[in-house]
Amino acid sequence: MVTTKPHAALLASPGMGHLIPMVELGKRLLTHHGFHVTLFVVTTDSSTTTQLLHQTSNLNSLNIVQVPPIDVSHKLPPNPPLATRITLTMMESIPFLRSSILSMNNPPPSSLIVDMFGLVAFPMARDLAMLTYVFFATSAWFSAVTLYFPFMDKKTMESHAQNHEPLLVPGCEPLRFEDTLEPFLFPGGDVYEGYLEAAKAIVTADGILINTWQDLEPAATKAVREHGSLGRFVYPVGPLVRTVERKQEHEVLRWLDRQPGESVIYLSFGSGGTLSEEQMREVAFGLELSQQRFVWVVRPPNEDASGSFFDVASGGDVAVGYLPEGFVKRTENVGFVVPMWAPQAEILGHPATGGFVTHCGWNSVLESVLNGVPMVAWPLYAEQLMNAFMLSGELGVAVRVASEEGGVVRREQVAELVRRVMVGSEGGAMRKKVKEVKVSGEKALSSRGWLCEMSKNCELHLQAKVSAA
Ligand code: UDP
């Protein structure tokens, strides 16, 4: 017999920052509303993905299908933008996706939930009579800017790109040129056109899910509803972050066990972020100058700020010879260096962690907030700059790195920012503020109104589909 319990197919694009929130969304649909969930994972680095999925709790009933690794390198121009490479990979995954969905019965997936890069799968979903949802694993502010993009007039875009005027988006904080997104830098260019196409596809969706909550971004959430003309089908579903159980016995956690409460600053630039060699040296000397305890996730230096996006290897014994000579030895009593990949959710949840130097990826931001940890906002690329603006401005839970001549943040600034968060009254005020935001996030998570509504829509759709068959 065919059941009417809805079956949602989720499609995660490459990158841990895309996969992690999709896993959490799947878990929520499954455990709080009895959806069947199949999660399709598109990856170029299956070892880290497998490791992550292995560490994540409550996956039991989530049907996870890893799309066979896709190599698009032969189809790309030299030095392609990150977005181009991800989008092409997603396109290549569609035949596999389609045949997998068609092979599923009792019940077949009746809705498809994708992230920004999975929009290319919408025509296939419609062809299979599925409902379509977009999941923004980002802020409502970024979502609102994206949805408004097709309606921006040419003149406004030009004065933003050429005269560095702020970009005005109704109902939202203006987007300063300093924090702008890559597509807005070159109106008419490839990245611009790709983003425009994505924005147009989003408004055709049956619903939009955003990993935020109403009280965090009331104005921007309202703006998404208005710009998307989707009204009530905009669901702020957050804050969804990885829930952790201390089942992992990573050495860094044992080290943290031996440190005083809220005494350690944690530094990480996300799943793909990398620093130049010179910048790494300045960070290392800055940490020494700050005289604070630290945990630092290090990757081999790279001039490209997203240098590890596609090949973040699982941790282990990668030599850290690229750090300044003697640094590890000099700091052995106060610091812990983790090569490549750290158990971030566990570190941020550890009582010894008192601050976070972050690249402001949205998952990192939410994980920090939900653990009550104030931040040093050090954005590298994409919407991270907008996130940094929000954290250090209206929310008051972070201090932000100021750009310096030559693009390298010097050790004195690193030390000063770390000290501002970890010691003194400013740090105390941010800590208090972030704990208030945490409480509001936890409250939002306990409400399930959106799940009921979305589930109802999916059930109705499925019933209609079953009767039509
Ligand atoms: N992460 C981790 N260990 C690391 C680096 C990253 O567990 O060493 C996780 C982090 O907890 C977060 C995700 O990877 O959940 C990164 O997502 P985010 O949105 O912060 O940044 P992105 O990687 O997308 O730039």
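Everything numeric in this text was worked out from a predicted model, so none of it was measured. For ligands, and for the atoms within them, numbers begin at 1 and follow the listed sequence.
Ring to ring, F177 and H164 are close: their centroids are under 6.0 angstrom apart. In this structure, F269 has its ring center closer than 6.0 angstrom to the ring center of W378.
In this structure, E288 CD and F327 CZ are separated by 5.5 Å, a value rounded to the nearest 0.5 Å.
By heavy-atom distance, the residue among S271, S368, G361 lying nearest atom 23 (O) of ligand 1 is S271. Between the choices A342, A345, G273, G17, the shortest heavy-atom distance to atom 24 (O) of ligand 1 belongs to G17. In the candidate list W341, Y381, W362, W341 is nearest to atom 2 (C) of ligand 1, counting heavy atoms.
Looking at ligand 1, you won't find any N or O of S268 less than 3.5 Å from one of its N or O atoms. The shortest N/O to N/O separation between Y266 and ligand 1 does not fall below 3.5 Å.
When heavy-atom distances to ligand 1 are checked against a 4.0 Å cut-off, V297 comes that close only through its side chain, counted from C-beta outward.
Between H359 and ligand 1 there is a heavy-atom distance shorter than 4.0 Å.
Between E426 and R419, no side-chain nitrogen of the basic residue sits less than 4.0 Å from a carboxylate oxygen of the acidic one, so the salt-bridge criterion is not met.
Applying the 6.0 Å contact sphere to NZ of K222 captures no more than 12 heavy atoms from other residues, nucleotides or ligands.
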